[in-house]
Number of protein chains: 2
Amino acid sequence: MSKCEQCIVREFSALKALNKDELVKLADCKTSYTVKKGDVIFDEGDNLDGIFCIKDGVCKLTKLSSNGKDQIVKLVTKGELLGQRSLISEEPTNLGAVALEDMHVCFIPKSQVMEFFNVNNKFSLNMMKNVCHDLKEADNVLVNLAQKSVKERLAATLLYLHDAFGVNEDDSLKIQLSRDEISSIIGTATESCIRLLSDFNKSGWIELSGKKIILKDKAALRKLAE
Amino acid sequence: MSKCEQCIVREFSALKALNKDELVKLADCKTSYTVKKGDVIFDEGDNLDGIFCIKDGVCKLTKLSSNGKDQIVKLVTKGELLGQRSLISEEPTNLGAVALEDMHVCFIPKSQVMEFFNVNNKFSLNMMKNVCHDLKEADNVLVNLAQKSVKERLAATLLYLHDAFGVNEDDSLKIQLSRDEISSIIGTATESCIRLLSDFNKSGWIELSGKKIILKDKAALRKLAE
DNA sequence: ACTAAAGGATGACAAATATCATATTTTAAA
DNA sequence: TTTAAAATATGATATTTGTCATCCTTTAGT
């Protein structure tokens, strides 16, 4: 069982408020495991009995719409916690979580989270701030989906992927999404997304080679995304 | 200065967790006032020095998109609190609030909220649950905006207005929104919204008379909205 | 290495939605 | 009350986006 005290990732989440004793307790009760790319961490509607701390990797939070299509609501990465809302609300999850890469995650049982909650005010405040941040982001995404064109949303999404997940040595986006997944972020048909990527490519704003995407003209994309 | 102890509205928000002493304190520091229809309660980006408790009336929370159009993110009514997220995040507001009807609101200064926060665990938990509920709702709206057609969103919105705000004696929706405001909820051009309302009218699903809207065939609307 | 399946690309076309113009009705202000 | 402004309504048209068909490319499994 690895020690949470030495886990750098903890510094990026609400868990940073925990003291030494609490970290020992945490290490004691957590379950650490790996998740393969494509694996389901939890399904929409699952009853979670704790939260997940992402040690490494990225996953998508999705919701199935009544039209049969999945919408990606949020990408969650290293250092973030999963399932907080469900835990606080004492409700089943509203979104499902699927790994986009191989991941390392730790599961922290509800009882332990609740204990920290009650004894460590800083921890609960941090967690609350996380949820508040998520709410702000969700509102912003909502406005973009309602008011911007697919083209604008694609440009904005490419820039977001660039800024949030960085690039490889060859400048290609580090995070690898299928065309279908990109469509599922911007809320459009896969073919429309592919077509627009082609257009962006022809305009010289991006460069496509296989699954790799390189942003060649971020200024142009930024102008489009506003 | 009216007593918060006797205010029924309190029962519907996080404030229900306050005890008698705390309610006296609250009554002591709050400012109660009226807001006229169309008045701005706060603007997007304002620094709030407290939260608002809605005693009566309905307001819209909006965000201005870069295309110059306002998006209505949420309608907030009697019993709900405004500005919680901003207060917890210690950030300017992400959304503006405008009265849709004449309102009675109370302003509770930040210092007092923070004190309750620190001494009353139930209160902070309630507030946290509110934010979590807002997040869940925002995610759901987001998915609908991304995946459903304008027609479906209009049907869903009419049903929502019916269920959330009720009807008058003549069965017309109690809450009166302009066509422009309805468009701003569903995220479409005003003309498209007007046209679809006409279509719904011709189909016999709704009845329009001036600004009044009567839902004649909720089953049909529900089927459309899914 | 071979093969099936999945993902990606593109054309043709249809449907949904936005935009612009204009008329009518309602509302609010002088 | 009169009048100007705003809101509502509708047609004509352009643009955006989705759907369906087909082909090509990559990936994964045997």
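Because only heavy atoms are used, hydrogens play no part in the values below, and waters and symmetry mates are left out as well, while side chains stay in. Quantities reported herein were computed from a predicted structural model and do not represent experimental measurements. Order of the sequence lines fixes the chain letters, A, B, ..., with proteins taken first and strands second; residue numbering starts at 1 for each chain.
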Next item on the list: Starting at the 5' end of DNA chain C, write a dot or bracket for each base, bracketing those in Watson-Crick or G-U wobble pairs whose two distances are under 3.5 Å and using | for partners on another strand.
Entry: ||||||||||||||||||||||||||||||
Next item on the list: Applying side-chain hydrogen bond (donor to acceptor under 3.5 Å, both in side chains), name anything that partners B/Glu152, two or more places apart in sequence or on another chain.
Entry: B/Ser149
Note to self: Please list all pairs meeting ring-ring contact (aromatic ring centres under 6.0 Å, His included) that have one or both residues in residues 203-226 of chain B, counting only residues at least two apart or in different chains.
What the structure shows: B/Phe200-B/Trp205
Notebook entry, point to check: Where the side chain of B/Glu11 meets the backbone of B/Ile8, is there a donor-acceptor pair that is under 3.5 Å apart?
Noted result: no
Item checked: Salt bridge present between A/Lys37 and A/Glu101 (N-O < 4.0 angstrom) -> no
Checklist line | Whole-Å gap separating C1' (C/dT17) and NZ (B/Lys69) | finding: 10 Å
Notebook entry, point to check: Starting at the 5' end of DNA chain D and moving along, which residue's nearest nucleotide shows up first, A/Lys148 or B/Arg179?
Noted result: B/Arg179
Item checked: For DNA chain C, the residues among residues 205-215 of chain A that have a non-hydrogen atom under 4.0 Å from it -> A/Lys211
Check: Quick one: does A/Ser184's side chain have a donor or acceptor within less than 3.5 Å of a partner on A/Asp70's backbone?
Finding: yes
Next item on the list: Please find the earliest and latest nucleotides of DNA chain D, in the 5' to 3' direction, that have an atom within less than 4.0 Å of any heavy atom of chain B.
Entry: D/dA7 to D/dA12
Note to self: Closer than 3.5 angstrom, by distance alone: can the side chain of B/Arg85 be matched with the main-chain N or O of B/Thr93 as a donor-acceptor pair?
What the structure shows: no
Note to self: For DNA chain C, which residues of residues 187-202 of chain B approach it to below 4.0 angstrom with any heavy atom?
What the structure shows: B/Thr188, B/Ala189, B/Glu191, B/Ser192, B/Arg195
Next item on the list: Could you tell me whether the side chain of A/Asp46 and the main chain of A/Asp43 form a donor-acceptor pair under 3.5 Å?
Entry: yes
